[in-house]
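The structure under discussion appears below in the form of structure tokens.
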Amino acid sequence: MWVLVVVYFIASLAHFAHNAEFIAFYPNMPAWLTREQVYLAWLAITCLGVAGLFVARLGLHALGVLLVGAYGAFGLDGLAHYTLALCSEHTLATNLTIWAEAASGLVLMVASALLLARRIGYRRRFR
């Protein structure tokens with residue numbers, strides 16, 4: 001699970017950093033959105049993942065896994081870029097960062113859901 005969290009963290013940081021640094025080149029981005037706001041959004045999302053890891057470390061494993069899964073689910077939000085412009089209107093680097101974040105977030109979310117389901121099933125079996 002740690003590996004998946006780290007992979008998603010790196011992919012998410014790469015996408016948000018690319019988005020922030022090249023925001024003027026992302027097609028049809030809202031004019032009000034600034035570089036700083038992009039970094040703050042990334043920080044807020046990352047805090048959700050950190051909170052999940054912290055809560056799990058405190059022994060609240062189900063809640064921790066749920067929060068980490070939600071953290072991964074935010075990776076799918078990068079696909080919203082394609083509601084503003086077609087894939088072909090983005091640069092190769094933009095598409096790569098979007099898809100890396102979305103794919104790694106999806107894997108983290110699914111792995112978290114499976115781990116949570118297994119944990120819940122295990123508890124029910126031994127009650």
Side-chain angles (χ1 to χ4, degrees):
M1 195 68 159
W2 277 98
V3 171
L4 297 177
V5 170
V6 169
V7 168
Y8 173 67
F9 173 87
I10 292 168
S12 175
L13 178 58
H15 175 229
F16 274 82
H18 188 272
N19 197 335
E21 298 305 321
F22 299 101
I23 196 162
F25 301 104
Y26 273 68
N28 303 319
M29 288 294 278
W32 55 264
L33 189 58
T34 66
R35 174 181 180 265
E36 292 76 19
Q37 289 170 322
V38 172
Y39 282 118
L40 285 173
W42 175 81
L43 187 60
I45 292 167
T46 302
C47 284
L48 181 63
V50 170
L53 295 173
F54 180 73
V55 167
R57 193 87 162 143
L58 291 176
L60 301 168
H61 299 288
L63 179 58
V65 170
L66 187 65
L67 290 172
V68 168
Y71 170 58
F74 270 104
L76 297 173
D77 190 50
L79 296 174
H81 283 290
Y82 300 122
T83 65
L84 300 175
L86 297 173
C87 187
S88 60
E89 296 177 75
H90 294 284
T91 66
L92 177 61
T94 301
N95 284 309
L96 288 175
T97 63
I98 290 169
W99 283 102
E101 181 189 30
S104 60
L106 179 64
V107 170
L108 179 59
M109 180 183 70
V110 169
S112 297
L114 292 173
L115 184 60
L116 186 59
R118 191 171 76 189
R119 188 170 284 278
I120 290 170
Y122 178 80
R123 283 194 173 180
R124 284 189 180 160
R125 232 180 295 143
F126 292 100
R127 280 191 183 210

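All of these numbers come straight from a predicted model, not from anything done at the bench.
- Shortest non-hydrogen contact noted between Tyr8 and Gly75 is OH-N, 3.1 Å.
- Linking Ile, Leu, Val, Met, Phe, Trp and Tyr residues whenever their side-chain heavy atoms come within less than 4.5 Å leaves Met1 and Leu106 in two separate clusters.
- Residues that satisfy the salt bridge (Lys or Arg N to Asp or Glu O under 4.0 Å) test with Glu21, not counting sequence neighbours, are Arg35.
- Annotation: side-chain contact (heavy atoms from CB on, under 4.5 Å) contacts of Thr97 (sequence neighbours excluded): His15, His18, Tyr26.
- Tyr39 and Ile10 sit in two unconnected hydrophobic clusters of ILVMFWY residues. Membership requires side-chain heavy atoms under 4.5 Å apart, directly or through other members.
- A donor-acceptor pair shorter than 3.5 Å can be found between the side chains of His81 and Asn19.
- Grouping the Ile, Leu, Val, Met, Phe, Trp and Tyr side chains by contacts below 4.5 angstrom, directly or via other members, places Trp2 apart from Leu114.
- The CZ atom of Phe9 sits 13.0 Å away from the CG atom of Leu108 when rounded to the nearest 0.5 Å.
- Minimum interatomic distance between Asn28 and Ala85 (heavy atoms only, all atoms of both residues): ND2-CB, 3.9 Å.
- Within the model, atoms CG of Leu43 and CG of Leu13 stand 11.0 Å from one another, a figure rounded to the nearest 0.5 Å.
- Atom CG of Leu40 and atom CZ of Phe16 lie 11.0 Å apart (nearest 0.5 Å).
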Please walk me through it: do Leu79 and Ile98 pass side-chain contact (heavy atoms from CB on, under 4.5 Å)? CA-CA 7 Å; Leu79 296 174; Ile98 290 169; 4.1 Å; yes

Can you give the donor-acceptor pairs under 3.5 Å from side chains of residues 86-93 to other protein atoms, not counting sequence neighbours?
from	atom 1	to	atom 2	distance (Å)
Glu89	OE2	Leu86	N	2.8
Thr91	OG1	Thr94	N	3.1
Thr91	OG1	Thr94	OG1	2.7

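- Note that the CH2 atom of Trp99 and the OG atom of Ser104 stand 12.0 Å from one another [nearest 0.5 Å].
- Put simply, Val38 and Leu84 are part of the same group of oily side chains (I, L, V, M, F, W, Y) that touch within less than 4.5 Å, one to the next.
- Taking CD of Glu101 as the reference point, atom CH2 of Trp42 lies at 11.0 Å (rounded to 0.5 Å).
- Residue pairs satisfying the salt bridge (charged side-chain N to carboxylate O under 4.0 Å, His left out) criterion with at least one member in residues 66-76, sequence neighbours excluded, are absent.
- Smallest separation of non-hydrogen atoms from Met109 and Ala73: SD-CB, 3.5 Å.
- Leu115 and Val55 fall within the same hydrophobic cluster, where Ile, Leu, Val, Met, Phe, Trp and Tyr residues are linked whenever their side-chain heavy atoms come under 4.5 Å apart, directly or through other members.
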Could you pull out all donor-acceptor pairs under 3.5 Å where a side-chain atom in residues 63-71 meets a protein atom, sequence neighbours excluded?
none

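- More than 12 heavy atoms of other shown residues, nucleotides or ligands fall within 6.0 angstrom of atom OH in Tyr82.
- The stretch residues 43-61 participates, sequence neighbours left out, in no salt bridge (charged side-chain N to carboxylate O under 4.0 Å, His left out) pair at all.
- The minimum heavy-atom distance linking Ala102 with Leu76 is given by the pair O-CD2, 3.7 Å.
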